[in-house]
J.: 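Structure in structure tokens, see below.
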Amino acid sequence: EAVLKKGVEKEEEALLLEDTLSQLKLNPVFEKKLLYLVTEYYCKKAVSKEEEGEERCAFLIQLDKDLLEPSMRRKICEIFIDCNYLREAYNMLLTYEIEDVDPEKLLKLCTRMILQQLFDQDDRLLELSWRVFEAGKADSVILDYLCEHFNGTTSQMYEILIQAVGEHVETYDLEERLLAQMLFTGSCDQIDSVFDLYMKRKRTRESMVKAYFTLKSAQYFLYDVPADDEVFRYLESMVYRTAEKEKLSTIYLLALSRYYAGLERLDGERRTLCQKIVDILLADGMVFPYFKDLGRHVRIPEDIMDKAMIQYVGQKDSRVDLQIRILPQEKEFHGDSMKRVYQGIFVRQKVLFDGEKLEYRVYELKGEQKVLVTEGTVRGNQQVEEEKESRF
């Protein structure tokens, strides 16, 4: 009790408490207080470096850590790292899931353990290494290890990749793993920079490259996401290389033809290629409003150029109901059909005479309900140049 009041000051007092703990059956509260005091004494002794070798941490190593408070476990774990008892520290981290170890000490532990294990994958060591990286303390060993083995969220892997590239650390196949994850999950915020890094590697997979350009084509055509000219140069080269162009992915042809529709001029090979693409799409029954813009560059059938078009972009499984009226004759809206041309894209072609105006409303059918999703107006002779005036 006297030692408890003033604290342990010398070895004999610590030994007295050790004997008391081992030989007497004590009240749990009193026992915990004695254990804390004797542990605190040996922690100070280990930190003070009064002794060398195994004697320095002997008591702490053989101590039953289950009896300790979490804060004391963390303290002992950090002392083990300082004193190079790395395996004991690592086992404590695994057993007690100690979260708040000093990142500097965790860096020392992880680096040594990675080198001892010759960079072999260890899931728990990966978690600890990520904690070091997250705290901003990662060195080249930690980065190398994470690049080789770490799989986490897209944002976590992107952070690791960018830092590793910046510090010229070997990235192994991290670019490919991350690119595949982005393509699979649809989490594509930084996909262009990841793809650029991937293409700088010595070896790339054709399937990965195709998947990337398929995604870029779909984003551009279906969701109006701008794409770099490099995307269309790749699509052009792919179409040029393919002898049987009908067997190409439809989304490549759609994206490239829509890109051509926005250009002021098409010359030579591009014009020939555009005509082939349009012919393939028309043979498959695909007609879109942008075809009228393509009429500046290639032959588009007259019955397409002359008609007004309504387009709605929904989801793959969307069901739509179109209501129209043609002014000035019709006062009431009435039902009409809309063709699903490609995935969630619906198009309606309609003959309008000069001066007529078509008002439309598109509803999506969701269960028993009809939800208005878009409405608008189309006029006769719209998008038709004067020298090609519509016969209507």
J.: What verdict does the side chain to side chain contact (heavy atoms under 4.5 Å, CB included) test give for Tyr85 and Ile79, after you've listed the backbone C-alpha separation in whole Å, the side-chain angles of each residue and the deciding distance to 0.1 Å?
T.: CA-CA 8 Å; Tyr85 287 95; Ile79 289 170; over 6 Å; no

J.: A side-chain contact here means heavy atoms from C-beta on lying under 4.5 Å apart; do Met157 and Leu174 qualify?
T.: yes

J.: CD of Gln62: more than 12 outside heavy atoms within 6.0 angstrom?
T.: yes

J.: Applying ring pair (Phe, Tyr, Trp, His ring centres under 6.0 Å), run through Phe195 and Phe213 and close with a yes or a no.
T.: CA-CA 10 Å; Phe195 183 74; Phe213 283 108; 5.4 Å; yes

J.: If you count heavy atoms of other groups shown closer than 6.0 angstrom to NZ of Lys137, is the number above 12?
T.: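 No, NZ of Lys137 has 12 or fewer neighbouring heavy atoms, counting only those of other groups under 6.0 Å.
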
J.: Compare every heavy atom of Val341 with every heavy atom of Gly285, then report the nearest pair and how far apart it is.
T.: O-CG1, 4.3 Å

J.: If only side-chain N and O atoms count, and only distance matters, is there a donor-acceptor pair under 3.5 Å linking Gln311 with Tyr290?
T.: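 Looking only at side-chain atoms, Gln311 and Tyr290 do not form any donor-acceptor pair under 3.5 Å.
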
J.: Without swapping roles, check the side chain of Lys350 against the backbone of Val378 for a donor-acceptor pair under 3.5 Å.
T.: no

J.: From the options Tyr220, Phe232, Phe221, Tyr252, select the one residue that forms a ring pair (Phe, Tyr, Trp, His ring centres under 6.0 Å) with Tyr259.
T.: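 So, applying the ring pair (Phe, Tyr, Trp, His ring centres under 6.0 Å) to Tyr259 and each of Tyr220, Phe232, Phe221, Tyr252, only Phe232 qualifies.
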
J.: About how many Å separate CZ of Phe150 and CD of Glu159, when rounded to the nearest 0.5 Å?
T.: 9.5 Å

J.: Starting from Phe346, can I reach Phe333 by hopping between I/L/V/M/F/W/Y residues whose side chains sit under 4.5 Å apart?
T.: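 Per the 4.5 Å side-chain linkage, Phe333 and Phe346 are not co-clustered.
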
J.: To the nearest 0.5 Å, what is the distance between CD (Glu104) and CD1 (Ile81)?
T.: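 Reported to 0.5 Å precision, the distance equals 11.5 Å.
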
J.: Restricting to non-hydrogen atoms, name the atom on Thr153 and the atom on Gln181 that form the minimum distance, rounded to 0.1 Å.
T.: C-NE2, 3.5 Å

J.: Do Gln329 and Glu356 come within less than 4.5 Å of each other through their side chains, counting heavy atoms only?
T.: yes

J.: Is there a side-chain contact between Glu359 and Thr377 (heavy atoms, below 4.5 Å)?
T.: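 Sidechains of Thr377 and Glu359: in contact.
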
J.: If you measure only the distance, is there a donor-acceptor pair under 3.5 Å linking the side chains of Thr250 and Asp284?
T.: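 The answer is no; no qualifying pair exists.
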
J.: Are the side chains of Lys108 and Asn84 in touch, meaning some heavy atoms are under 4.5 Å apart?
T.: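 A side-chain contact under 4.5 Å exists here.
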
J.: Whether the side chain of Arg325 engages the backbone of Glu332 through a donor-acceptor N/O pair (distance < 3.5 Å, no angle test) should be reported.
T.: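 No, Arg325 side chain to Glu332 backbone: no donor-acceptor pair under 3.5 Å.
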
J.: Same cluster or not: are Val287 and Leu254 linked, directly or through other Ile, Leu, Val, Met, Phe, Trp or Tyr residues, by side-chain heavy atoms under 4.5 angstrom apart?
T.: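 The answer is yes; both residues are in one hydrophobic cluster.
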
J.: Salt bridge (Lys or Arg N to Asp or Glu O under 4.0 Å) between Arg296 and Asp293: does it pass, once the steps are laid out?
T.: CA-CA 6 Å; Arg296 299 195 307 270; Asp293 295 320; 3.8 Å; yes

J.: Examine distances only and state if a side-chain atom of Arg177 and a backbone atom of Cys147 form a donor-acceptor pair shorter than 3.5 Å.
T.: yes

J.: Heavy atoms only: give me the nearest Gln219-Cys188 pair and the separation to one decimal.
T.: NE2-CB, 4.3 Å

J.: Please examine the side chains of Asp306 and Val351, heavy atoms only from C-beta on, and report whether any two atoms are closer than 4.5 Å.
T.: no

J.: For the atom pair CD1 (Ile280) and CD (Gln275), what is the distance rounded to the nearest 0.5 Å?
T.: 11.0 Å

J.: Heavy atoms, side chains only, cut-off 4.5 Å: are Leu106 and Leu93 in contact?
T.: yes

J.: Could you grab the distance from atom CG of Leu215 to atom CD1 of Ile191, nearest 0.5 Å is fine?
T.: 5.0 Å

J.: Any carboxylate oxygen within less than 4.0 angstrom of a Lys/Arg side-chain nitrogen, looking at Asp224 and Arg258?
T.: yes

J.: Can you tell me how far apart CD (Glu78) and CG (Leu109) are? Round to the nearest 0.5 Å.
T.: 11.0 Å

J.: Does any N or O in the side chain of Lys65 come within less than 3.5 Å of the main-chain N or O of Ile61, such that one atom is a donor and the other an acceptor?
T.: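 Pair found, side chain donor or acceptor close to backbone of Ile61.
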
J.: Quick check: do Ile76 and Leu63 have side-chain heavy atoms less than 4.5 Å from each other?
T.: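 Touching, per the 4.5 Å side-chain cut-off.
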
J.: Is it the case that over 12 heavy atoms from other parts of the model lie below 6.0 angstrom from the CD atom of Glu269?
T.: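 Open.
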
J.: Any side-chain to backbone donor/acceptor pair from Gln369 onto Lys366? Under 3.5 Å, distance only.
T.: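 Checked: no pair found.
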
J.: May I ask whether Val29 and Leu68 are part of the same hydrophobic cluster, defined by side-chain heavy atoms of I, L, V, M, F, W, Y residues being less than 4.5 angstrom apart, directly or through others?
T.: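 Different clusters.
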
J.: Return yes when atom CZ of Arg265 has more than 12 non-hydrogen atoms of other residues, nucleotides or ligands closer than 6.0 Å, and no otherwise.
T.: no

J.: Closer than 3.5 angstrom, by distance alone: can the side chain of Ser237 be matched with the main-chain N or O of Tyr234 as a donor-acceptor pair?
T.: yes

J.: Minimum heavy-atom separation for Ile310 and Leu358, please, with both atom names.
T.: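 Result for this residue pair: CD1-CD2, 3.4 Å.
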
J.: Okay, side chain of Lys105, backbone of Phe80: is any donor-acceptor separation there less than 3.5 Å?
T.: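 Between the backbone of Phe80 and the side chain of Lys105 there is no qualifying donor-acceptor contact (under 3.5 Å).
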
J.: Kindly indicate, with the supporting measurements, whether the criterion side chain to side chain contact (heavy atoms under 4.5 Å, CB included) is fulfilled by Tyr212 and Val209.
T.: CA-CA 5 Å; Tyr212 170 78; Val209 176; 5.8 Å; no

J.: Using modelled atom types and a 3.5 Å cut-off, is there a donor and acceptor pairing between side-chain atoms of Arg271 and backbone atoms of His297?
T.: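 Present.
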
J.: With no hydrogens and no angle check, just 3.5 Å: does a side-chain donor-acceptor pair link Tyr260 and Glu236?
T.: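 Short answer, yes.
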
J.: I'd like to know if the side chain of Gln315 pairs up with that of Glu364 as donor and acceptor (distance under 3.5 Å, no hydrogens or angles considered).
T.: no

J.: Please confirm whether the backbone N or O of Val231 pairs with a side-chain atom of Asp228, one donor and one acceptor, at under 3.5 Å?
T.: no

J.: Heavy-atom count check: over 12 atoms from other residues, nucleotides or ligands less than 6.0 Å from Arg124 CZ?
T.: yes

J.: Distance from Lys75 atom NZ to Glu69 atom CD, nearest 0.5 Å?
T.: 13.0 Å

J.: According to a 4.5 Å side-chain heavy-atom criterion applied to Ile, Leu, Val, Met, Phe, Trp and Tyr, with indirect links allowed, do Tyr172 and Val169 form part of one hydrophobic cluster?
T.: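 Tyr172 does not cluster with Val169.
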
J.: Kindly indicate, with the supporting measurements, whether the criterion side chain to side chain contact (heavy atoms under 4.5 Å, CB included) is fulfilled by Met208 and Leu183.
T.: CA-CA 9 Å; Met208 292 294 294; Leu183 291 164; 4.3 Å; yes

J.: Assess whether a salt bridge exists between Asp192 and Lys216, defined as any Lys/Arg side-chain N lying under 4.0 Å from an Asp/Glu carboxylate O.
T.: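 Counted as a salt bridge, because a side-chain N and a carboxylate O are separated by less than 4.0 Å.
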
J.: Could you check whether Glu175 pairs with Lys200 (Lys NZ or Arg NE/NH1/NH2 to Asp/Glu carboxylate O, under 4.0 Å)?
T.: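 So Glu175 does not pair with Lys200 through a salt bridge.
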
J.: Using a cut-off of 6.0 Å, state whether more than 12 heavy atoms not belonging to Arg205 lie near its atom CZ.
T.: no

J.: Heavy atoms only: give me the nearest Glu99-Arg131 pair and the separation to one decimal.
T.: O-NH2, 2.9 Å

J.: Count I, L, V, M, F, W, Y as connected when their side-chain heavy atoms are under 4.5 Å apart, and connections chain through other members. Are Val362 and Ile326 then in the same cluster?
T.: yes

J.: Leu125 and Gln117: which non-hydrogen atoms are nearest, and at how many Å?
T.: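 Smallest heavy-atom distance, with atoms named: CD2-NE2, 3.8 Å.
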
J.: Say whether, by atom type as modelled, one donor and one acceptor occur between the side chain of Lys245 and the main chain of Val239 under 3.5 angstrom.
T.: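 Yes.
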
J.: Should Ile162 and Leu197 count as side-chain neighbours, where that means a heavy-atom distance under 4.5 Å?
T.: yes

J.: Might you work through the side chain to side chain contact (heavy atoms under 4.5 Å, CB included) test for Glu230 and Met199, ending with a clear yes or no?
T.: CA-CA 13 Å; Glu230 178 194 348; Met199 291 303 288; 5.7 Å; no

